[in-house]
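Keep in mind it's a predicted model, so treat the numbers as computed, not measured. Computation of the quantities below employed the complete heavy-atom set of this structure, encompassing side-chain atoms and omitting hydrogens, waters and symmetry-equivalent molecules.
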Amino acid sequence: MISNTKVSNLVFILLLLFSTRNVYSQQSKTLFRLLPASQTGINFKNQLFENDSLNILNQANIYNGGGVGIGDFNRDGLMDVYFAGNIVSNKLYLNKGSLKFKDITDVAGVGGEGRWCTGVSMVVINNDGWPDIYVCASFRSDPKLRTNLLYINQGLNKDGVPTFTRSLWTG
């Protein structure tokens, strides 16, 4: 004769096995998957390294992060990606199609100028149809390094890469 406790334990174990199996089978049907930098060309890491002066105890907002903005900076119909970083340089990646991107930060002139960048917005500020980049800066003790950046899109250079100039009215 089987006791009620043994039956309920058996039912519990069977339910657990079936529900676990269902969870694992659902995980294999994901909509998204992580692609390596070697495949996409995007190799941005907003990595922070704590030390005696740079840490959560001294700066409460240290882990608020940077930002990401999406825009078609060369107007080819593909969305390009701009990352704002804290300690690391900002990066602009031009979309080449098929989830392949090219780092054009240096040519475009949008590296962040050593600021602790906390956010980014895309705007066509001068109504010329070319997306511009507005970057928020914070955290640094020097007020000049806390001024925001406005990069004005100048269109394409001879190689088809968008270039930017920094508007001086932001700091």
Side-chain angles (χ1 to χ4, degrees), residues 30-51 53-56 58-171:
T30 60
L31 294 175
F32 301 100
R33 61 188 165 101
L34 182 63
L35 299 176
S38 61
Q39 182 178 340
T40 64
I42 294 178
N43 192 24
F44 179 82
K45 291 181 184 177
N46 190 28
Q47 195 164 12
L48 300 176
F49 298 99
E50 289 191 44
N51 57 41
S53 59
L54 184 65
N55 59 65
I56 193 72
N58 293 336
Q59 288 90 14
N61 299 324
I62 190 173
Y63 290 114
N64 283 0
V68 63
I70 307 293
D72 186 4
F73 298 108
N74 60 350
R75 300 195 312 191
D76 65 353
L78 299 172
M79 292 293 115
D80 310 310
V81 184
Y82 183 80
F83 292 99
N86 300 146
I87 294 175
V88 300
S89 175
N90 299 350
K91 294 289 183 181
L92 177 57
Y93 292 93
L94 199 64
N95 190 338
K96 306 305 271 178
S98 301
L99 293 175
K100 307 273 188 226
F101 294 83
K102 180 181 179 186
D103 182 351
I104 61 163
T105 307
D106 293 336
V107 174
V110 293
E113 303 174 28
R115 285 168 169 73
W116 185 287
C117 297
T118 59
V120 58
S121 293
M122 304 302 133
V123 62
V124 180
I125 197 78
N126 55 0
N127 204 26
D128 65 354
W130 292 94
D132 307 306
I133 305 171
Y134 187 76
V135 181
C136 296
S138 182
F139 196 73
R140 303 273 193 217
S141 57
D142 181 351
K144 289 181 182 179
L145 292 177
R146 288 195 312 265
T147 56
N148 297 336
L149 299 165
L150 175 59
Y151 294 113
I152 306 292
N153 193 329
Q154 301 299 302
L156 306 179
N157 68 9
K158 62 179 176 51
D159 298 320
V161 175
T163 59
F164 295 78
T165 57
R166 181 175 157 223
S167 172
L168 296 179
W169 66 265
T170 61

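Sorted by first and then second residue, the side chain to side chain donor-acceptor pair (under 3.5 Å) pairs with a member in residues 119-131 read N126-D128; sequence neighbours excluded. For residues 32-43, no pair satisfies side chain to side chain donor-acceptor pair (under 3.5 Å), with sequence neighbours left out.
Pairing each heavy atom of P131 with each of V124, the nearest pair is CA-CG2, 3.9 Å. Here the shortest heavy-atom pairing between S89 and G111 reads OG-O, 3.1 Å. Nearest heavy-atom pair, D76 versus N95, reported as atom, atom and distance to 0.1 Å: OD2-O, 3.7 Å. Taking both residues in full, the closest heavy atoms of I87 and F49 are given as CD1-N, 4.3 Å, listed atom of the first, atom of the second, then distance. Of all heavy-atom pairs spanning V120 and A84, the tightest one is CB-CB, 4.5 Å.
In this structure, CG on L94 lies 4.5 Å from CD1 on I104, to the nearest 0.5 angstrom. To the nearest 0.5 Å, atoms OH (Y63) and CG (N46) are separated by 11.0 Å. Atom CE of residue M122 and atom CD1 of residue I133 lie 5.0 Å apart, to the nearest 0.5 angstrom. For the atom pair SG (C117) and CG (N148), the distance works out to 8.5 Å, reported to the nearest 0.5 Å. The structure places CZ of F101 at 10.5 Å from CE of M79, a figure rounded to the nearest 0.5 Å. Here CD1 of I42 is found 11.5 Å from NZ of K100. Values are rounded to the nearest 0.5 Å.
In this structure the side chain of D72 reaches within 4.5 angstrom of the side chain of N74, judged on heavy atoms. At a threshold of 4.5 Å between non-hydrogen side-chain atoms, the residues N86 and F139 do not count as touching. Side chains of W116 and I62 form a contact here, defined as non-hydrogen atoms less than 4.5 Å apart. Looking at R115 and T147, their side chains come closer than 4.5 Å, going by heavy atoms from C-beta outward.
In this structure, the side chain of R166 does not engage the main chain of L149 through any donor-acceptor pair within 3.5 Å. A distance-only check finds a donor-acceptor pair linking the side chain of Q154 to the backbone of I152 [under 3.5 Å]. At least one donor-acceptor pair under 3.5 Å links the side chain of R146 to the backbone N or O of R140. Checking side-chain atoms of R75 against main-chain N and O of G129 turns up a donor-acceptor pair under 3.5 Å.
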For N153 and F73, run side-chain contact (heavy atoms from CB on, under 4.5 Å): C-alpha distance rounded to whole Å, both residues' side-chain angles, the deciding distance at 0.1 Å, then the answer.
CA-CA 8 Å; N153 193 329; F73 298 108; 4.1 Å; yes
Run the side-chain contact (heavy atoms from CB on, under 4.5 Å) test on N64 and T118 for me, step by step, so that the C-alpha distance in whole Å, both residues' side-chain angles and the decisive distance to 0.1 Å come before the verdict.
CA-CA 8 Å; N64 283 0; T118 59; over 6 Å; no
The test is side-chain contact (heavy atoms from CB on, under 4.5 Å); show your working for L92 and D103 and say whether it passes.
CA-CA 6 Å; L92 177 57; D103 182 351; 5.8 Å; no
Verdict with supporting geometry, V110 and N90, side-chain contact (heavy atoms from CB on, under 4.5 Å)
CA-CA 7 Å; V110 293; N90 299 350; over 6 Å; no
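Note: F83 and F44 meet the aromatic proximity criterion, with ring centroids under 6.0 Å apart.
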